[in-house]
Amino acid sequence: MKLSFSAEDEQFREEVASWLAANLVGEFECVRGRGGPGDEHQLVEERKAWERKLHEGGWTCIGWPKEYGGRSASIEQQVIFNEEYARAGGPGRIGHIGETLAGPTIIAFGSEEQKAKYLPGILRGEEFWCQGYSEPSAGSDLANVKTKAVFDEASGKWRINGQKVWTSLAHESEYCFVIARTDPQSVGHKGLGFFLVAMDQPGVTVRPIEQITGTSEFNEVFFDDAECDASDIVGEPGEGWKVAMGLLGFERGVSTLGQQMLFQNEFDAIIKLAKENGAAQNPALRHRIAEAHIGLRIMRYNSMRMLSGGADGSLQKEAMIYKLYWASWHRNLGKLAMDVMGQESEILEDAPYELNRLQSMYLFTRSDTIYGGTNQIQRNIIAERALGMPREPRG
Amino acid sequence: MEFTFTDEQLMIRDTAEAFLAEVSTSEAVRAAMVTEAGYDPQLWQRVCEEMFWQAIHIPEEYGGMGLGYVELVAMLEQMGRYLFCSPFFSTVCLGVNALLVAANDEQKAQYLPEIVAGKTATLAFASANGGWASDSVTATFSATDNGFVLDGSYRYVTDGHSADLLIVAAREAGSEGEQGISLFVLPADSAGVSRRWLPTMDQTRKQAELNFEQVAVPASALLGESGQAGAQLEQILDLARVAIAADQVGGTQQALDITVEYLQERQQFGRVIASYQAVKHKAADMMLKAEAGRSALYYAACVADESLQGGPLADQLSEAASIAKAYCSEAYFFNAGCGIQLFGGVGFTSEYDIQLYFKRAKSTETFLGDASWHRERLARQLLDGESAA
Ligand SMILES: Cc1cc2nc3c(=O)[nH]c(=O)nc-3n(C[C@H](O)[C@H](O)[C@H](O)COP(=O)(O)OP(=O)(O)OC[C@H]3O[C@@H](n4cnc5c(N)ncnc54)[C@H](O)[C@@H]3O)c2cc1C
């Protein structure tokens, strides 16, 4: 076991840090620490401009292979980039769905034509993506999608009909990757296709959903004879599930250390407040603060284990617990923030419903244990895949 | 960054596992734990001669294997899994660590080879006042013409009734906290030392009470500078906490494994109880505890290694040890407690092993500070601007 980074990697860290220090200034001062879950709807134009700035410096998609414009950065370097980015107060990445989900999927499963058509826009920070999986009747049971895709021989295009829901950032996106049923007779994960669909067309309607926070970061998306080209299906009709599941495996957790830096920033804000308002003297709160600290440190060590192993594709138990672990930890942090604020936790910044950062975090953390596989679904997966217990009966 | 075991470390772990699976069976544990010494002397001799475990992190110049703390932790984890009854923890994780941290070259050259040759050792520091840091030291020392005289009592001394060699902490009369503390090494049969075995709820770990009445030791018994050993004692205790956490992680994992094995066999309502979601989710939570505890442990092991060898992370020892000890204590208790519940009635019998883990979880939780003790220690560092004491 070795905890330190190589000298070369430390030099890379230096490079990232100094670029950020030199560029996250001036017109970009305002986006510092903004965006991300709970603040995703804020300063959108400025953050899109920041994505283009990142591209100028060669800092988008660094984990992609060089042939597609990335840096072929090692896992360590990606970790370092994410850490330094969060440390510098880099804003929530509007481009993250394209960079970490759509792009890698297209690189792994897409055709040359798709690569040429879609990768450059993601790389340049000019085209943004959203994820069209969930539907009113397909939540945890994702394979139950009802949206249909039919190939229209006359126009030579796929025609898509149906509804997606909870689609984050759909209102800011140029494209959506959609799973839809290509075989109308099929059920479950068979007979699905994976489509790359332009949002700016008459057949697509986006309706924002107001969240618990009073803001809208996710949407309903309606497809009424929406179209995409014959060449816009990734893989063959019927292979959509395989492509969608492959996508979940891409990330291997490189962004987790950056996410943890954001958590650390939130935690530091709580500590600062506790020292100021006297909560630090309350024995019960002291212990919960220490517990949160322990939890966050272990989250980091756990990610380091995840990133060090599993290159051989082996099942990693530390990776399997990760979502359940961080989501539960973060949810507790939200509650802790409110309890440290005490009576002031109720008082808003302004009418009609302007939350301060910790209030917004508190409410938003309620979604952490739901999206991307709920805590219950995570436990099912752990019990079945890691512990070999019987699978859930299906209706 | 390679935060995973090397092939060599994996080999050490697997060898330990294979040996323990053979010698530390449920029957062997149950036979050893009801004796006063708490271990089988012949087996311990075999460990010392064939496996050479007592020498694992003793430097080669003193006849040891010269391996690091990560290797030690990998072995301890397996000992925890198999509830290994032996003087390993007291001798290696208290005695050897104390000598490595505090002894001068001459003292190391005298005592470490004795341990390599099979002598056992332990550390005595705490009185009955409930603390787990240097403030729990109440025994005193005073200087004489040719050495020191020690007076006072120690409680909760691991294997204190059976160890050959004692390393003890004592303070200058009137001193407080970390101030005025000295460490001494002496044979356990020194005149004026009386020792009493304390029967314990967890029978797999033995504890004793020691009384020192006018115990005279030569000047050469003093480890380090007189009255200056407070920080060294803290370091020794933190190293021991990491070792305990390793035992706990092993037990946490084993409690999960034997529970899941049972769940897959036992049928109720016409199907195996492992198929019930309430049961599956509990098992998933147990796995989360085991894995998170393991992450905390391995990090602490790397830090402990740097603390002994000198490295950039050395000053993180107290924090890493507290994080590991706090988390792993609760994880072990959680898994052993859930284990009993999921076993049902048989979990409450003495026949099934889950009760042994449940008891060991509690004794290791308390020893060297439970989770709230460590949380308060971290809270002082985070909130009061103090460095961890
Ligand atoms: C903030 C946010 C952003 C999102 N962004 C996107 C996005 O961009 N794109 C997208 O496609 N989706 C997105 N989602 C949707 C998200 O993935 C789903 O909400 C999630 O998968 C759960 O589905 P559901 O809401 O239909 O809940 P349901 O599946 O109806 O679950 C309701 C409850 O039942 C439990 N449950 C369900 N099945 C089981 C079972 N087998 N065993 C035990 N318990 C069970 C669940 O744990 C939950 O507690 C987002 C959601 C949120 C909250």
Side-chain angles (χ1 to χ4, degrees), chain A residues 1-6 9 75-76 79 267 271 274-275 279-281 283 285-295 297-310 316-322 324-325 328 375-376 378-384 386-393, chain B residues 1-6 9 68 70 256 260 263-264 271-272 274-277 279-303 305-306 311-313 319-320 322-324 326-327 371-372 374-385:
Chain A
M1 288 194 184
K2 186 160 79 48
L3 292 178
S4 49
F5 288 98
S6 70
D9 285 342
I75 295 275
E76 276 86 354
V79 166
F267 181 58
I271 289 196
K275 285 181 174 173
Q281 303 311 316
L285 288 174
R286 284 171 77 76
H287 280 234
R288 285 171 58 198
I289 290 170
E291 193 169 21
H293 175 71
I294 291 168
R297 283 298 155 98
I298 293 179
M299 199 188 297
R300 181 177 160 80
Y301 309 152
N302 202 74
S303 299
M304 288 162 61
R305 274 177 75 207
M306 272 161 64
L307 294 169
S308 295
Q316 285 178 278
K317 293 191 171 176
E318 68 273 17
M320 299 200 71
I321 63 154
Y322 192 72
L324 176 61
Y325 182 95
S328 307
N375 275 15
Q376 287 71 34
Q378 297 299 329
R379 290 188 177 97
N380 284 348
I381 293 173
I382 293 169
E384 292 168 16
L387 298 174
M389 297 169 83
R391 298 189 57 138
E392 287 297 298
Chain B
M1 188 186 70
E2 268 309 319
F3 192 36
T4 152
F5 285 132
T6 61
Q9 288 163 344
V70 176
L256 168 62
V260 171
L263 298 173
Q264 299 271 32
R271 49 181 170 126
V272 292
S275 66
Y276 295 107
Q277 196 179 64
V279 168
K280 285 166 71 177
H281 283 193
K282 196 54 99 185
D285 287 339
M286 290 165 73
M287 189 180 108
L288 180 141
K289 299 277 180 198
E291 289 308 318
R294 189 167 276 129
S295 297
L297 170 66
Y298 293 166
Y299 189 84
C302 292
V303 171
D305 196 55
E306 297 204 5
L313 300 177
E319 188 192 8
S322 274
I323 287 171
Y327 194 91
S372 4
H374 286 285
R375 280 197 287 265
E376 178 53 32
R377 190 188 196 209
L378 291 164
R380 282 199 299 276
Q381 193 182 1
L382 286 167
L383 298 170
D384 306 342

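Chain letters run A, B, ... following the sequence lines, proteins first, then strands; residues in each count from 1. Quick caveat, the model's predicted, so the values are computed rather than measured.
To the nearest 0.5 Å, atoms CD (A/Glu291) and NE2 (B/His374) are separated by 14.5 Å. Taking OG of B/Ser295 as the start and CE of A/Met306 as the end, the distance is 9.5 Å to the nearest 0.5 Å. Interatomic distance, CE of A/Met389 versus CD of B/Gln264, reported as 6.0 Å (0.5 Å rounding). Taking NZ of B/Lys280 as the start and CZ of A/Arg391 as the end, the distance is 8.5 Å to the nearest 0.5 Å. To the nearest 0.5 angstrom, A/Leu3 atom CG is 10.5 Å from B/Glu2 atom CD. Note: A/Ile382 CD1 to B/His281 NE2 = 9.0 Å, rounded to the nearest 0.5 Å.
Of the listed residues (A/Ala280, A/Ser328, A/Ala274), the greatest number of heavy-atom pairs within a distance under 4.5 Å of chain B belongs to A/Ala280. For the set B/Val272, B/Asp285, B/Val303, B/Leu313, the count of heavy-atom pairs under 4.5 angstrom toward chain A peaks at B/Asp285. Between chain A and the residues B/Gly68, B/Cys302, B/Ala371, B/Pro312, the largest count of heavy-atom pairs under 4.5 Å involves B/Cys302.
Between B/Tyr327 and A/Tyr325, the ring-plane angle classifies as tilted under the 30° and 60° cut-offs.
Contacts of B/Gln277 with chain A are made by both backbone and side-chain atoms, with heavy-atom separations under 4.5 Å. Contact of B/Ala283 with chain A is made through backbone and side chain together, with heavy-atom distances under 4.5 Å. A/Gln378 does not touch chain B: none of its heavy atoms, backbone or side chain, sits under 4.5 Å away. With a 4.5 angstrom heavy-atom cutoff, A/Arg300 does not touch chain B via any of its atoms. For B/Gln9, the part sitting under 4.5 Å from any heavy atom of chain A is the side chain, from C-beta outward, and nothing else. Neither the backbone nor the side chain of B/Arg271 comes within less than 4.5 Å of any heavy atom in chain A. The contact between A/Arg297 and chain B is made entirely by side chain atoms (from C-beta outward), counting heavy-atom distances below 4.5 Å. If you measure heavy-atom distances from B/Tyr298 to chain A, the contacts under 4.5 Å come from both the backbone and the side chain. For chain B, no part of A/Asn375 is nearby; none of its heavy atoms comes within less than 4.5 Å.
Of all heavy-atom pairs between B/Ala284 and A/Ala383, the closest is CB-N, 4.4 Å. Among all heavy-atom pairs drawn from A/Leu387 and B/Leu256, the shortest one is CD2-CD2, 4.1 Å. Closest of all the heavy-atom pairs between B/Leu382 and A/Lys275 is O-CE, 3.4 Å. Taking all atoms of both residues into account, the shortest heavy-atom contact from A/Ala290 to B/Ala379 is CB-N, 4.2 Å.
Although no hydrogens or angles enter the test, the distance criterion places a donor-acceptor pair under 3.5 Å between the side chain of A/Arg305 and the main chain of B/Glu291.
You'll find the side chain of A/Met304 reaches within 4.5 Å of the side chain of B/Tyr299, heavy atoms only. In this structure, A/His293 and B/Arg375 have side chains that are not in contact, with every pair of non-hydrogen atoms separated by 4.5 Å or more.
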Quiz prompt | Intermediate values then yes/no, side-chain contact (heavy atoms from CB on, under 4.5 Å), A/Lys317 and B/Arg294 | solution = CA-CA 11 Å; A/Lys317 293 191 171 176; B/Arg294 189 167 276 129; 5.9 Å; no
